[in-house]
Amino acid sequence: MRKLGYACINLELSGKGVTTNRGMIKRTFDKVGAVGAGELALLNIKNIGEIIRWNSDSGISLYRMSSSIFPWMSEYEISELPQFRKIQILLLGVGRIALEKKQRLTFHPGPFNVLVSPNEPVVKKTIKDLNQHAEIMDLMGLPQSTEYPINIHLGGAYGDKESSMIRFCENFKRLSESAKKRLIVENDDKASMFSVKDLYEGVYSRIGIPITFDYHHHRFCSGGLTEEEALNLAASTWNEVRQLTHYSSSRKTMESPDQKAQAHADFLYEKIKTYGLSLDIEIEAKAKEQALLKYLIEEDSLLENYIDF
DNA sequence: CCAGGTCAAGGGAGT
DNA sequence: ACTCCCTTGACCTGG
């Protein structure tokens, strides 16, 4: 069975104070330190459990977890937090619920993760962040597989995609085993960056990690492939694990013609074309789970065609 | 309690 | 050189 999901925030629950990305600005972190961060992390973790339960009860079985569960985790080791024992128990509990309810969980670390960077300090920070994402999934007891993936963009092209991709593959080897087993790469939304074709030839062919096909991004960086060709090429990089994709409608086209085309709309306005493939799809819409539920209701009555901008 | 200003990070694009 | 955007708006202060 295919799975459709959404990212990070559940609007209905956040109205009741259930959020998973409580954080703090640097000034506060300097004051309260890792101890304060650990306290927020405990609240965040508890609420992931709430969201997963809500998802399961609502017929949703794919969810992208927030990367902000542990505020400022670059500045400490999770296992050295004073609350670590509690954190361990809670994370394992949340993971157990997810596995019982057959929930697929993913991460999508932010744009400051640049594994291709020519600057060693940036690469080091990225490796730590990716390893910590993997560590969280490990603490949850989730299998080390792209069933529970960590999805990133390469993060920079530096005007030379080929050597950038080679650097990515070299730095990939420096990740923890757990992170390596989970890492997947996504196509970009700028022509100067990485298309599915680029990623296939420059990354998949070298290190064999799967490609996340983002329908919306593909429209801005096709690599000369049609949507169907790119989706199929990405599909060929997934083995026994079901292919993960991202989908969103353009805000410019559908809601506000003045905005840049790359911006995401609140809801989906067209039926997702799967071309006969069995896909898992993360819906990236501003209206979050509400957009997903609305889509599930309307799906059969929507047209497949994009309305071109 | 609320509105508004502010907030770590890397790279790319538009101005 | 500066601003905005991107994974995901949220934190904090002054009223």
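Keep in mind that what you see is a predicted model, and the values were worked out from it rather than measured. Side-chain atoms are counted along with the backbone in the values below, which use heavy atoms only and exclude waters and symmetry mates. Proteins get letters first, then strands, A, B, ... in listed order; numbering begins at 1 in each.
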(request) Looking only at side-chain atoms of A/Asn21, point me to the closest of C/dC12, B/dG10, C/dA10. (result) C/dA10
(request) Output yes when at least one side-chain N/O atom of A/Arg64 is less than 4.0 Å from OP1 or OP2 of C/dT8, else no. (result) yes
(message) With a cut-off of less than 4.0 Å, is there a side-chain N or O of A/Ser117 near OP1 or OP2 of B/dG11?
(response) yes
(message) Could you tell me how far B/dG5 sits from C/dT3 if I compare only their P atoms? Round to whole Å.
(response) 16 Å
(message) When you compare the ring of A/Phe112 with the six-membered ring of B/dG10's base, are the centres less than 5.5 Å apart and the planes under 30° from each other?
(response) no
(request) Would you mind classifying the nucleic acid contact of A/His133 as base, sugar-phosphate or nothing, using non-hydrogen atoms under 4.0 angstrom? (result) nothing
(request) Determine the Euclidean distance between corresponding P atoms of C/dG9 and B/dG11; express it in Å to zero decimal places. (result) 23 Å
(request) Pick base, sugar-phosphate or nothing for A/Ser192, based on heavy-atom distances below 4.0 Å to the nucleic acid. (result) sugar-phosphate
(message) Would you say that A/His217 contacts A/His153 through its side chain, given a criterion of any heavy-atom pair below 4.5 Å between the two side chains?
(response) yes
(request) May I ask you to evaluate whether A/His108 reaches the phosphate of C/dT8, defined as a side-chain N or O under 4.0 Å from OP1 or OP2? (result) no
(message) Using the P atom as the point on both nucleotides, what is the distance between B/dG10 and C/dA10, in whole Å?
(response) 23 Å
(request) Salt-bridge test for A/Lys294 and A/Asp266: reply yes if a basic N is under 4.0 Å from a carboxylate O, no otherwise. (result) no
(request) Return the nearest nucleotide to the side chain of A/Ala157; candidates are B/dG12, B/dG10, C/dA10. (result) B/dG12
(request) Compute both the distance and the angle, then confirm whether A/Arg206 meets the cation-pi test with A/Phe172: under 6.0 Å from the six-membered ring centre, within 45 degrees of the axis. (result) no
(request) Salt-bridge test for A/Arg64 and A/Glu284: reply yes if a basic N is under 4.0 Å from a carboxylate O, no otherwise. (result) yes
(message) Using the C1' atom as the point on both nucleotides, what is the distance between B/dC7 and C/dT8, in whole Å?
(response) 14 Å
(message) Check this for me, if you would: do A/Glu77 and A/Lys128 make a salt bridge, where the nitrogen-to-carboxylate-oxygen distance has to be below 4.0 angstrom?
(response) yes
(message) What contact category does A/Ser68 fall into here, base, sugar-phosphate, or nothing, at under 4.0 angstrom with non-hydrogen atoms?
(response) base
(message) The criterion is side chain to side chain donor-acceptor pair (under 3.5 Å); which residues satisfy it with A/Lys26, sequence neighbours excluded?
(response) A/Asp30
(request) Look through every strand shown and name the nucleotide pairing with C/dT8 as Watson-Crick or G-U wobble, where both distances are under 3.5 Å. (result) none
(request) Could you work out the separation of B/dA9 and C/dC6 based on their C1' atoms and round it to a whole Å? (result) 12 Å
(message) Pick the closest DNA chain C nucleotide for A/Ala7 and for A/Arg27 by heavy atoms, then say which residue is nearer the 5' end.
(response) A/Ala7
(message) Checking contacts here: which listed nucleotide (B/dG10, C/dG9, C/dC11) is nearest the side-chain heavy atoms of A/Thr28?
(response) C/dC11
(request) Classify the nucleic acid contact of A/Lys288 as base, sugar-phosphate or nothing, counting any heavy atom under 4.0 Å across all strands shown. (result) sugar-phosphate
(message) Taking only the P atom of each, what is the distance from B/dT6 to C/dC4 in whole angstrom?
(response) 12 Å
(message) Closest approach to the side chain of A/Lys125, judged atom by atom: which nucleotide of B/dG12, C/dT8, B/dG10 is it?
(response) B/dG10
(message) Checking contacts here: which listed nucleotide (C/dT8, B/dA8, C/dC11) is nearest the side-chain heavy atoms of A/Lys26?
(response) B/dA8
(request) Describe the nucleic acid contact of A/Ser67 in one word from base, sugar-phosphate, nothing, applying a heavy-atom distance below 4.0 Å. (result) base
(request) Using a 4.0 Å heavy-atom cut-off across all strands, classify A/Asn119 as base, sugar-phosphate, or nothing. (result) sugar-phosphate
(request) Assign A/Tyr158 to base, sugar-phosphate, or nothing according to its heavy-atom contacts below 4.0 angstrom with the strands shown. (result) sugar-phosphate
(message) Could you tell me how far apart A/Phe168 (CZ) and B/dG11 (P) are, to the nearest whole angstrom?
(response) 15 Å
(request) Kindly point out which of B/dG10, C/dA10, B/dC7 is positioned nearest to the side chain of A/Pro111? (result) B/dG10
